Structure formats: C-alpha cells, structure tokens
2 protein chains.
Amino acid sequence: MQMTPMIESFVCHFGEMGSRWGFNRTVGQIYALLVVSEQPICANEIAELLGISRGNVSMGLKELGSWQLVQVIHKQGERREFYQSRGSIWDMANRVFEERRKREMDPTLSLLRDIMMDEAANNDEAYAQKRITEIHDLLENITEWTQSLQSLSPEKLNTLMKLGSGVGKVLEFTDKFRPKKDA
Amino acid sequence: MQMTPMIESFVCHFGEMGSRWGFNRTVGQIYALLVVSEQPICANEIAELLGISRGNVSMGLKELGSWQLVQVIHKQGERREFYQSRGSIWDMANRVFEERRKREMDPTLSLLRDIMMDEAANNDEAYAQKRITEIHDLLENITEWTQSLQSLSPEKLNTLMKLGSGVGKVLEFTDKFRPKKDA
DNA sequence: CAATAGTTTCAGAAATTTCTGAAAGTTCAG
DNA sequence: CTGAACTTTCAGAAATTTCTGAAACTATTG
C-alpha cells in the first residue's frame with residue numbers, strides 16, 4: 001500500500017468528517033485508509049503511512065473494533081495482526097448509523113422520557129415539558145423509521161431513494177385504491 | 001425563567017448531544033435553554049442561568065444565528081436584545097439538517113468527485129477510486145433523498161414514517177398497477 | 001457632547017482531547 | 001524455558017478547543 005496524494009486527500013478529509021460522525025480524526029483516518037485498501041494492513045504500516053505512533057494505532061483500531069467496522073486478519077506464517085474494513089460501503093454506513101443510534105439516540109430518548117414523566121412544578125417546566133415531548137416524538141419517529149429502513153435490501157432502498165419525494169404521490173395513489181371503511 | 005433540575009438535565013444532555021450534531025457543548029446548552037423557554041431571554045440572563053461568561057454567550061448566540069436557529073427580539077423600552085428559538089421543533093430539525101448538509105456533505109461530495117476524476121496512477125489508486133465512487137454514490141443518494149423529503153409537509157412525512165419499511169410493499173403494489181411498456 | 005448601557009472581539013488562560021513512547025502484558029519459536 | 005516478536009495500556013506531554021474578562025466598539029439618553 002502506497003500513500004499517494006489522491007489517497008492522502010481522501011484520508012485527510014475523511015478524518016475531518018470522522019469527528020462529525022462519532023470518532024476522532026485519527027480514528028477516522030485509520031478507517032479511511034482501511035476502507036480504500038484492497039489488502040489488509042498491519043498496525044506498524046498504518047503507523048508509518050499515517051505518520052502516527054504505534055500506540056495510537058492500537059487505540060484507534062480498538063475503537064474501530066468496538067464499532068465493528070474492522071476485522072483482524074491472521075496470515076499464515078505471520079505473527080502480526082492485519083486489519084481490514086468489514087463489509088460493503090452499504091454495510092459500513094449501516095454500522096455507523098446503528099452504533100450512533102445506540103450511543104446517542106437511545107440515551108437521549110431515554111432521558112427525554114424520564115423528563116416527560118416528571119410532574120411539572122411550575123409554568124416554566126410545563127412549557128419545557130411540552131417542547132421536550134415534541135422533540136421526543138420527532139426523534140422517536142425518525143429513529144424507528146430509519147431502523148425499519150435498515151431491514152430493506154440495498155436494492156430496494158435505492159429504489160425508494162430514487163423515488164424521492166415522489167413517495168408522497170405514491171401515498172396519495174394508494175389512498176385512492178384503499179377500500180372505504182363503510183361503502 | 002428558572003433553572004430547575006428538570007430543565008438543567010435537559011440542557012446538559014442536549015449540550016452533550018450538540019457536540020455530535022455540529023456545535024460545541026456550550027452552544028448546544030444555550031440553544032437548549034432557548035428551545036424550552038416560552039419567553040425570549042437576554043444574554044445576561046443566559047450567562048447567569050448557565051453559569052458562563054457574557055462574552056461566551058455572545059459568541060454562542062452568534063454561532064446559533066449563523067445556523068439561523070435563533071432570532072433577536074427587541075422589547076419596547078429595552079435596549080437589551082432578547083433571543084428565542086425560531087420555528088417549530090420540526091423547523092429546527094430541518095435547519096440543523098440543512099446546515100450540516102452545507103457544512104459537511106457538500107464539501108465531502110465535492111472532494112470525492114475531484115478524486116473520482118483523477119487518473120489512477122497504480123492499482124492501489126484504482127481500487128481506492130472504486131471504493132470512493134461507491135461512497136460518493138451512496139452519500140449522494142442519501143443527500144438528494146433527504147433533501148426531497150424536506151419538501152414534504154410535516155404531516156405527510158409523518159405518515160411516511162409511520163408506514164416504516166412497509167414502503168417496500170407500497171412499491172410492489174404500485175408496480176402491479178403500472179401500465180406495461182408494450183401491452 | 002458626555003456618560004451610560006449594551007454588544008462584540010480577541011489575547012491569552014483554562015479546560016479538554018489526543019498523542020507519544022515506554023512499561024506492562026501476551027504469544028510464539030527455538 | 002528464554003528471548004524475541006507483537007500488542008496493549010497509561011502517565012504525562014502535546015495539541016486543540018473553549019473560555020474569560022477586558023478592551024474595543026456601538027447605540028441611546030439627558
């Protein structure tokens with residue numbers, strides 16, 4: 001694996017983005033490198049290619065492992081561990097999404113529910129609770145919906161996305177053919 | 001406006017989440033406070049309620065203004081500026097989403113396109129380019145799709161979300177009624 | 001116009017996050 | 001078993017981000 005300007009620009013940018021998606025810049029860079037590498041890479045080489053310490057690589061790979069985004073590969077005749085990214089780009093996106101839901105959404109929804117169950121002590125809290133309920137409802141809907149979308153195949157989801165907001169028209173269309181409650 | 005344990009727990013949590021959604025903890029806390037406050041709040045009071053400096057409030061409000069998430073309110077007989085969050089919870093979510101697209105997605109897609117147009121110099125780059133193309137395609141699809149969903153009304157979008165992955169069945173249903181190309 | 005109220009900006013301090021490299025720990029080969 | 005290869009962990013250093021509070025700036029009032 002060679003570090004070329006093309007790969008370097010990708011790795012750098014992806015690293016910046018990583019910190020927006022749930023892991024720090026270096027972890028993002030390690031992951032980017034593994035995503036675009038056809039061959040598994042050992043930790044020492046990652047350290048060399050990215051210009052970071054071997055210890056930092058170890059910690060980064062541990063983090064990526066906790067997200068289940070990378071896997072260890074053992075080569076015959078090699079004691080070193082090699083790493084590569086797991087699954088398709090689609091699988092990766094799913095994993096990141098799933099892990100963020102667990103780490104951010106679920107605790108948030110849980111806290112919002114606790115607050116909603118409290119008794120409002122004054123008008124300030126009553127209004128706050130009303131707003132918090134709205135936030136909770138929206139986040140819950142979005143979370144459940146995106147979760148259900150995960151059960152679709154990549155192909156079917158792609159079809160859905162190509163339909164765009166035309167989905168609204170599909171909903172109207174199906175309404176016309178729905179049998180009336182009382183004819 | 002009183003800072004009660006209920007409101008404080010919300011503000012603290014939301015602040016932590018803010019750093020995952022594009023702005024720092026304190027900016028997130030300022031915003032959380034404004035979201036759950038029925039009345040506009042002046043900068044001095046925000047500083048007192050959150051226990052932060054007046055200068056920090058000023059900078060945070062400036063950031064929230066750049067996201068178009070808050071608005072200034074002028075009261076008759078008052079020289080101070082008051083702030084409140086803009087729009088419904090739904091509007092807020094839309095704004096955050098839109099701004100993140102501009103700040104993160106658009107530059108990412110732009111960079112990925114640049115890389116895709118380069119000539120691969122070796123096998124490493126060819127494979128990297130293939131992967132980058134897949135990432136680009138997926139991100140582009142998701143971005144365009146979510147953008148088109150923004151053109152739906154909250155009610156219609158809510159209906160869609162309640163349908164969940166049943167949307168896949170709707171797609172099959174409409175396929176059955178689509179006129180054949182050559183009958 | 002001068003004084004005051006109010007806001008913004010920014011240098012440097014403070015807080016937080018990330019990193020290094022060596023110690024600690026684990027595994028393998030001879 | 002010992003030495004070497006390999007990995008992990010962590011104390012403290014380094015880097016980065018955030019914050020403070022005072023200077024700079026703006027607007028209003030008498």
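Computed from a predicted model, the values in this text were never measured in an experiment.
Counting only distance, with no hydrogens or angles, the side chain of B:Q29 and the backbone of B:R25 share no donor-acceptor pair below 3.5 Å. Looking only at distances, a side-chain donor or acceptor of B:T159 sits under 3.5 Å from a matching main-chain atom of B:E155. A donor-acceptor distance shorter than 3.5 angstrom exists from the side chain of A:Q129 to the backbone of A:I115, with no hydrogens or angles considered. Using a distance-only test at 3.5 Å, with no hydrogens or angles considered, a donor-acceptor pair links the side chain of B:D91 to the main chain of B:S88. B:D124 places a side-chain N or O within donor-acceptor distance of the main-chain N or O of A:Q2, the cut-off being under 3.5 Å. Judged by distance alone, with hydrogens and angles left aside, the side-chain atoms of A:T143 form a donor-acceptor pair with the main-chain N or O of A:L139 at under 3.5 Å.
Following rounding to the nearest Å, A:R80 (CZ) and D:dT8 (C1') show an atom-to-atom distance of 18 Å. The CD1 atom of B:I30 sits 14 Å away from the P atom of C:dT7 (whole-angstrom rounding). To the nearest angstrom, P of D:dT28 lies 13 Å from CD of B:Q76. The NE2 atom of B:H74 sits 10 Å away from the P atom of D:dA27 (whole-angstrom rounding). Computed from coordinates, the B:E81 CD to D:dC25 P distance equals 18 Å when rounded to whole Å. Regarding B:E63, its CD atom lies at a distance of 19 Å from the P atom of C:dT7, rounded to whole Å.
A close approach under 4.0 Å does occur between a side-chain nitrogen or oxygen of B:K62 and OP1 or OP2 of C:dT9.
Both tests do not hold together for B:R100 against B:W67: distance to the six-membered ring centre under 6.0 Å, angle to the ring axis within 45°.
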Could you pull out the protein-nucleic contacts involving nucleotides 26-29 of chain C (nitrogen or oxygen on both sides, under 3.5 Å)?
{"from": "C:dT27", "atom 1": "O2", "to": "A:R79", "atom 2": "NH2", "distance (Å)": "3.3"}
{"from": "C:dC28", "atom 1": "O4'", "to": "A:R79", "atom 2": "NH2", "distance (Å)": "3.4"}
{"from": "C:dC28", "atom 1": "O2", "to": "A:R79", "atom 2": "NH2", "distance (Å)": "3.4"}

Could you list all N or O pairs between the protein and nucleotides 20-24 of chain C that sit under 3.5 Å apart?
{"from": "C:dT20", "atom 1": "OP1", "to": "A:S53", "atom 2": "N", "distance (Å)": "3.4"}
{"from": "C:dT20", "atom 1": "OP2", "to": "A:S53", "atom 2": "N", "distance (Å)": "2.8"}
{"from": "C:dT20", "atom 1": "OP2", "to": "A:S53", "atom 2": "OG", "distance (Å)": "2.6"}
{"from": "C:dT20", "atom 1": "OP2", "to": "A:N56", "atom 2": "ND2", "distance (Å)": "3.2"}

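Taking B:E78 as the reference, B:R80 meet the salt bridge (charged side-chain N to carboxylate O under 4.0 Å, His left out) condition, with sequence neighbours excluded. With sequence neighbours excluded, no residue forms a salt bridge (charged side-chain N to carboxylate O under 4.0 Å, His left out) with B:E8.
When the nucleotides C:dT9, C:dT18, D:dT18 are ranked by their closest atom to the side chain of B:N24, D:dT18 comes out on top.
When hydrophobic side chains of Ile, Leu, Val, Met, Phe, Trp and Tyr are connected at separations under 4.5 Å, B:F82 ends up clustered with B:I73.
Along DNA chain D, the nucleotide nearest B:V27 and the nucleotide nearest A:R25 are compared for position; the residue whose nucleotide lies closer to the 5' end is A:R25.
Proximity of residues 34-50 of chain A to DNA chain D (heavy atom under 4.0 angstrom from any strand atom) is not detected for any residue.
Residues A:V11 and A:I30 are not in side-chain contact: their nearest non-hydrogen atoms beyond the backbone lie 4.5 Å or more apart.
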